[in-house]
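Below: the structure, in structure tokens.
The figures that follow rest on heavy atoms only: side chains count, while hydrogens, waters and symmetry mates do not. Throughout, protein chains are lettered first and strands after them, A, B, ... in sequence-line order, and every chain is numbered starting at 1.
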Amino acid sequence: MKHYDAKEVEEKIKKFWEKEKIYKFDSKKGKIYSIDVPPPYASSGHLHVGHALHYTQFEIIARIRRQLGFNVYFAPCFDDNGLPIEKYVEEKLGIDKSKTNRAEFRKLCLKESEKVEKIYTERVFKKLGHSYDWNLLYTTISTEAQKVAQTSFLKLVKKGDCYRSEEPVIWCPYHETALAQAEVEDFDREVELSYIDFDLVGGGKINIATTRPEFLPACVAIFINPKDKKNKNLIGKEVIVPLFNHKVKVITDESVDPEFGTGTMMVCTFGDNADIEKWKKYKLDLRNIVNKDGTLNQKADQYQGMKLKEAKEAIIKDLMKLGRIKKQKPLQQTVGSCWRCSTPVEYIIAKQWFIRTLKYKKELIKRGKEIKWYPDFMRKRFENWTENLKWDWVISRQRFYGVPIPVWYCENCDKIIFPDEKELPLDPIEKKRKCPKCKKEAVPDTDVFDTWMTSSNTPEIASRWLEKPELYKKISPMSLRPQSHDIIRTWAFYTILKSHLLFKRIPWQNIMIGTYILDSKGKGMHKSKGNVVWADKLIEKYDVDAFRYWVGGASLGSDLPFDEKELVAGKRFLTKLWNASRFAFMNLEDYRGKKPKKLEKIDRWMLQKTKDINERIKKYYLDHDIARAKKEIENFFWHTFCDNYLEIIKKRIYNEKGDKKLSAQYTLYHSLLAILKLISPITPFITEKLYKEYFKQFEKTKSIHLTEFSKIDIKEKKEGGDLFIEILRKVRHKKTKEKKPMNALIKLYLPEKESKIIEPYRQDFMNASGAIFIKTRKEFNVEFIETEHKK
RNA sequence: GGUCCUGUAGUCCAAUGGCUAAGACGGCUCGUUUACACCGAGUAGACCCAGGUUCGAUUCCUGGCAGGACCACCA
């Protein structure tokens, strides 16, 4: 094979890995390194370059750990639990959920997601050369995952950290479900601020500005700032709410801004977060007017049945008729919205299940400090979020597809009936239960858990907490959680929370925040913006290894604008690696794996250099500094190995015999093998191919990916090392008229007659007589070895 | 309003309290074409601004300015 045919190699190597089960996990081997893989939503569409980058980034880590001698637990997974699948199935199959039952619908979801996952596995994971052990596959809707989620629920209930309560919750009127604080995103919009006249009891009027006149029927108090002089006379008075005619009091609170509107603030149950705060703080009345579907109830009188938006228009119209609106002005406003549908959220009172979080803020931050974050500043995001939390975690969702909440309620005595842990997983709708007290049949809970209720237990699901306790014990806490920064407040937070509550420990020792991809202009990639780059096309054009090579250069936790040109470097590297290796193999044809009695000086030097780089790269790899490692390997391979070493030994291998030749071959063999091993986690296909092509016949291991990084057998001598570097650093550039480029290593004789080999900077020159212009602290005599002048 | 990140050549990006601030893409010049639809050598080009600490700051500190992210508020 003359030129490198990446496509053919990829196909063959992929099959080889699968057939030989190269990445199979064996629990009996050595120290374990376990990775808590983010379960992707499988989609059969194209692959976003950001996802490919993210998933490949930690896949490289898995490979690195394997070659560092760890027993890597690397379980693939899919997230097929929750809304995206539910909606997908609804739309694709045209299912009307009101006409089907939960069990049937779930079957359809499962079938559909299985199909998509299969495609995804082939098109993405295997295509990109990801080294999962497919026997360890899990999905978040699997029986085991459901069992974990439900078990964790029961355990938390027992501990008192999970409770059911009727409280204001964040509500999405579109999805008709409660939402957690983490599911709310900010959304900018322009609204009308209406200035409405209220009558005072006993005569007079006040004007109050509000953006939500539709909440007039829910008005429970008027607030002013106690320091506000112009409104001071209002304190303690009562006002009559227009159109609805109920009376509310004027009270004071520091938080009211006297400069906003007229300095008076109407508090309703519940227009926004601030209303809830004041409602709790001052124990105000409750006037709940919003139904679960976003319509108004009977408390809204003639506006009953209208959607909030319609009611707003109607109320403004009626107030106008009465001449109560003095003015209206536009206002820029940020509203919390459902992260999936962008519908502004409402706040309603409903019975929901909660997990205690506010109580544990301090402890959680402490747990966060026990974990090593890559990069470290990402911990601050976590701490910031935790400190600012205002709600306990609402875990119940009024949805159809998901993990059911395994409880029943007795309508007679209000008792909550829990199953035994042994019965899990179960769907309370499918199992009947009688109230132990009343002996009456209890009502099943029809809600499901928030998807994060399951996802927060991925370490437990991945390591088979309930199924294989022995294995779980070995693996936990896990070594690494890789994830992206946008879900620190959800996935990372909830996982740390659950682990703290259930096991009183951290879920993993390290968390690594992957690179976040932007378009070439530095903006986020979104389908809607049309600036998404698809990884499939890049892989087609530049090959998987070249793509991975690009991934290897990305630094953790930072944003990276995508530049296609960066992939060219990867492709060039592959060509160079291929050609250099092919050339080396040619020169190694008659090498039989023997070691020479004596190594030539230049070979000794090369081995020493190889050993140095080998050790250094291992350190970078241990610290997840892939980018730096990649750069140094490339530099070493390209310049030291190809440009210098190969050029120098060429002639010796052609012309010499015996030990002199053997010394070069031995060195060539071991230095190239070391290089291939070092770069193999990043470019697994080409390195495997080259390994199979030549090295496999001498090495016992069947795949380069099962080998450990090289141990170079060379004893330290005085040559090389620190002194060598120090000399280089003192080298100064001297310009001469007759400069010629030099392409050689230099043997440098020290005064003690100990010879040194140095690699000159390219700016150093020699003149026609062969003198080198270098400046050092001492004077040295210099002689060349094997200079290669090209005329 | 709070917190955090980033500011280095035309572009992307690295390292660093002192020694020639690394590399890639792109320019330009030269050389090669028996491992290398290319390879090699050379060359031009950069530390956001202002103070402070220091013998010495691109690096550390403070304050700006610019870009980005996260969070809070928004009656």
Side-chain angles (χ1 to χ4, degrees), chain A residues 2-4 181 185-186 188 191 193-194 208-213 215 219 222-224 253 255-257 260-268 271-275 277-278 331-336 375 377-390 485-486 488-489 516 518 520 522-524 550 553-555 557-570 572-587 627-628 631-632 634-635 638-639 642-643 646-647 650 726 728-733 739-743 761-765 788-791:
Chain A
K2 173 100 176 152
H3 298 296
Y4 179 49
Q181 192 181 339
E185 267 175 7
D186 283 351
D188 288 322
V191 290
L193 181 63
S194 304
I208 299 169
T210 178
T211 56
R212 306 207 66 180
F215 271 93
C219 180
I222 306 296
F223 276 82
I224 62 166
D253 190 88
S255 71
V256 179
D257 177 4
F260 189 94
T262 59
T264 52
M265 174 184 177
M266 159 176 118
V267 167
C268 312
D272 63 19
N273 215 349
D275 288 345
E277 256 169 49
K278 294 203 171 48
L331 180 74
Q332 275 301 322
Q333 189 194 36
T334 314
V335 287
F377 68 79
M378 282 297 178
R379 183 211 329 273
K380 293 245 162 85
R381 290 253 180 118
F382 166 77
E383 289 176 359
N384 211 262
W385 172 259
T386 309
E387 274 161 10
N388 286 322
L389 273 175
K390 294 220 163 83
H485 66 66
D486 53 338
I488 289 176
R489 65 184 195 173
Y516 192 76
L518 302 172
S520 57
K523 301 280 172 207
W550 169 72
S555 54
S558 65
D559 297 345
L560 181 71
F562 180 76
D563 183 2
E564 194 178 320
K565 273 187 259 163
E566 302 291 324
L567 288 163
V568 177
R572 273 182 42 204
F573 177 79
L574 297 183
T575 308
K576 187 83 176 175
L577 192 62
W578 182 257
N579 286 321
S581 301
R582 222 160 34 91
F583 181 61
F585 298 162
M586 253 163 57
N587 288 309
R628 190 169 183 159
K631 212 168 134 178
E632 287 205 22
E634 180 187 71
N635 195 46
W638 208 294
H639 296 111
C642 293
D643 295 345
L646 276 185
E647 292 298 334
K650 243 180 199 175
E726 204 175 314
L728 263 187
R729 282 189 158 235
K730 298 298 173 196
V731 168
R732 285 247 198 288
H733 184 187
K739 63 185 178 187
K740 276 185 188 169
M742 181 187 61
N743 180 20
Y761 275 138
R762 62 170 67 134
Q763 291 95 331
D764 300 327
F765 301 103
E788 283 284 325
H789 283 270
K790 287 173 181 174
K791 285 170 199 168

- Message: Strictly below 4.0 Å: does A/N635 bring a side-chain N or O up to OP1 or OP2 of B/A22?
- Response: no
- How long is the line joining CZ of A/F260 and P of B/G1, in whole Å? 17 Å
- When we call it a touch if two heavy atoms are under 4.0 Å apart, what does A/V568 touch: a base, just sugar-phosphate, or nothing? nothing
- Message: Closest approach to the side chain of A/K390, judged atom by atom: which nucleotide of B/A35, B/A75, B/A72 is it?
- Response: B/A72
- Those residues that, when tested against A/Y516, pass ring-ring contact (aromatic ring centres under 6.0 Å, His included) (two or more places apart): A/H485
- Item | Of the listed nucleotides B/U3, B/C74, B/A69, the one nearest the side chain of A/R381 | B/A69
- Message: Say we look at B/G7 and B/A14: how far apart would their P atoms be, to the nearest angstrom?
- Response: 8 Å
- Ring of A/F223 versus six-membered ring of B/A75: centres under 5.5 Å and planes under 30°? no
- Note on the structure: Side-chain atoms of A/V256 come closest, of B/A35, B/A75, B/C70, to B/A75
- Separation of atom CG in A/D272 from atom C1' in B/C73, rounded to whole Å: 10 Å
- Rounding to a whole Å, what distance do you find between A/D275:CG and B/C73:C1'? 13 Å
- Quick one: sort the A/W638 and A/F573 rings into parallel, tilted or perpendicular, breaks at 30° and 60°. tilted
- So, is A/W638 close to the B/G40 phosphate, meaning a side-chain N or O under 4.0 Å from OP1 or OP2? yes
- Task: Indicate, with a heavy-atom threshold strictly under 4.0 Å, whether A/K576 touches base, sugar-phosphate, or nothing.
- Result: base
- Closest to the A/A569 side chain: B/A75, B/C4, B/A24? B/A24
- Task: From the options B/U3, B/A35, B/A72, select the nucleotide whose nearest atom is closest to the side chain of A/W385.
- Result: B/A72
- Message: Within the 4.0 Å heavy-atom criterion, would you say A/A580 contacts the bases, only the backbone, or no part of the nucleic acid?
- Response: base
- A/I222 CD1 to B/A75 P: how many Å, rounded? 14 Å
- Message: I'd like to check the salt bridge (Lys or Arg N to Asp or Glu O under 4.0 Å) partners of A/E387; sequence neighbours left out, ordered by chain and number.
- Response: none
- Watson-Crick or G-U counterpart of B/C60, or none if no pair lies under 3.5 Å: B/G52
- Query: Is there a Watson-Crick or G-U wobble partner for B/C30 with both distances under 3.5 Å, and which nucleotide is it?
  - Reply: B/G40
- Message: Under 4.0 Å, heavy atoms only, any strand: does A/D257 hit a base, just the sugar-phosphate, or nothing?
- Response: base
- Message: Once you apply a heavy-atom cut-off of 4.0 Å, does A/C268 come out as touching a base, just sugar-phosphate, or nothing?
- Response: nothing
- Considering only B/A35, B/A37, B/A75, which nucleotide approaches the side chain of A/M266 most closely? B/A75
- Note on the structure: In whole angstroms, the gap separating C1' of B/A35 from CG of A/N587 amounts to 9 Å
- What's the CG-C1' distance between A/N388 and B/C70, to the nearest Å? 10 Å
Atom pairs under 3.5 Å: protein N/O with N/O of nucleotides 6-16 of chain B:
residue : atom : partner : partner atom : Å
B/A14   : OP1  : A/S555  : OG           : 3.4

- A/N384 and A/R381: side-chain donor and acceptor closer than 3.5 Å? no
- Out of B/A75, B/A35, B/C73, which nucleotide sits closest to the side chain of A/F583? B/A35
